[in-house]
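Only one structure is covered here, and it is reproduced in the block below.
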Amino acid sequence: MNRRGYDLPVDIPKKSEIVQNRLGFMLTVGVVAVMVFLLFLLSVSIGFTVAKGVAALPDIDLLENWRPNESTRIFDRYGNLVANIHGDEDRVVVPLNEISPYLPRAVMAIEDNRFYHHSGVDLRGTMRALAQNLKGGDVQGGSTLTQQLVKNLFLSPERSIQRKLAEALLALRVEKRYEKDRILEMYLNQVYWGNQAYGAEKAARRYFRKPASELSIAQAALLAGLLKAPEGLSPYAYPERSRQRQLEVLGAMQRFGYIGPDQYRQALQEEVTLNTSRPK
């Protein structure tokens, strides 16, 4: 005989069970409330840190009159360089159109392949670098060329969240103000290339005894490779390391379409001769 619904036994909770359920509910609500409060405090702290960092950012208007330290060069009556007088930074500033197109291509290929596609901060590149770091791999780094430029010009080399945040915010501001070619020009003239050479022009003359406008693909790749560690990858002190890094740059240039297969093969076969004369 089938039992009717109202004939089924009813599971009536005991008073102790009701108390336990209420305590559990109250405990859950309490934990959630504490977590929400802690998240609120964290958001306030982050907001305060961001606001404080933004207020302390350098004024990028200074870039309007950007003119890095340059060397004083003395020529004889025939136009031959006889002396090069410089302070802490030995540099000659040149416009972008007086730099071989292979050098910016090499630099972008190995340092910031998406330079013309991001707004100063490349989240895709940053996440890729983070993932590779977690795996213990060797990466290009997450900073864009614009971030590297503002770090070089305005910020200290310390490693901190505040400094990284300032770097990103400054990069975004610079990208809003200046065209990509201008940023690239400032970068190539500002950075250190090792062997006491600052800027692309001085680097080309120091390493190859030629102007930056005449750099070949192989030479440009060698210079671009130095940016990761100018002294640690010096072709004078560590020729094997320098060569390996040059090959990495050439591979990146071909992979990202900056050079064709024939140019890549020719660059691999090119014998790069270094300048061994006394620097001027």
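Just so you know, residue 1 is the first one in the sequence shown, and it goes up from there.
What you find for A200 and L103 is that their closest heavy atoms are CB-CD2, 3.6 Å. Between I110 and A252, the shortest heavy-atom contact is CD1-CB, 4.3 Å. Taking each heavy atom of L172 and S119 in turn, the nearest pair found is CD2-O, 3.2 Å.
Every residue two or more places apart in sequence or in another chain that forms a side-chain contact (heavy atoms from CB on, under 4.5 Å) with Q190 is listed here: W66, P68, R91, L149, N152, L153. For Q244, the side-chain contact (heavy atoms from CB on, under 4.5 Å) test picks out L247, E248, with sequence neighbours left out. Residues forming a side chain to side chain donor-acceptor pair (under 3.5 Å) with N97 (at least two apart in sequence, or on another chain): none. For E175, the side-chain contact (heavy atoms from CB on, under 4.5 Å) partners at least two apart in sequence or on another chain are F115, H118, T146, K180, I183.
Distance alone, capped at 3.5 Å, is enough to place a donor-acceptor pair between the R206 side chain and the N195 backbone. Q147 contributes a side-chain N or O that, together with a main-chain N or O of T144, makes up a donor-acceptor pair within less than 3.5 Å. A distance-only check finds no donor-acceptor pair linking the side chain of Q263 to the backbone of I217 [under 3.5 Å]. Using a distance-only test at 3.5 Å, with no hydrogens or angles considered, a donor-acceptor pair links the side chain of E201 to the main chain of A212. Within the 3.5 Å criterion, the main-chain N or O of L145 finds a donor-acceptor partner in the side chain of D112. Judged by distance alone, with hydrogens and angles left aside, the side-chain atoms of D181 form no donor-acceptor pair with the main-chain N or O of L96 at under 3.5 Å. Not one N or O on the side chain of S213 forms a donor-acceptor pair closer than 3.5 Å with the backbone of S100.
Identified under the side chain to side chain donor-acceptor pair (under 3.5 Å) test for residues 231-242, with sequence neighbours left out: Y192-E231. Among residue pairs with one or both ends in residues 182-194, those qualifying as salt bridge (charged side-chain N to carboxylate O under 4.0 Å, His left out) are R182-E185; sequence neighbours excluded.
Note that the CD atom of Q254 and the OH atom of Y264 stand 6.0 Å from one another [nearest 0.5 Å]. For the atom pair CE (M186) and OH (Y178), the distance works out to 6.0 Å, reported to the nearest 0.5 Å. Atom CG of residue L188 and atom CD of residue E98 lie 13.0 Å apart, to the nearest 0.5 angstrom.
Residues K210 and Q219 bring a donor and an acceptor atom of their side chains to less than 3.5 Å of each other.
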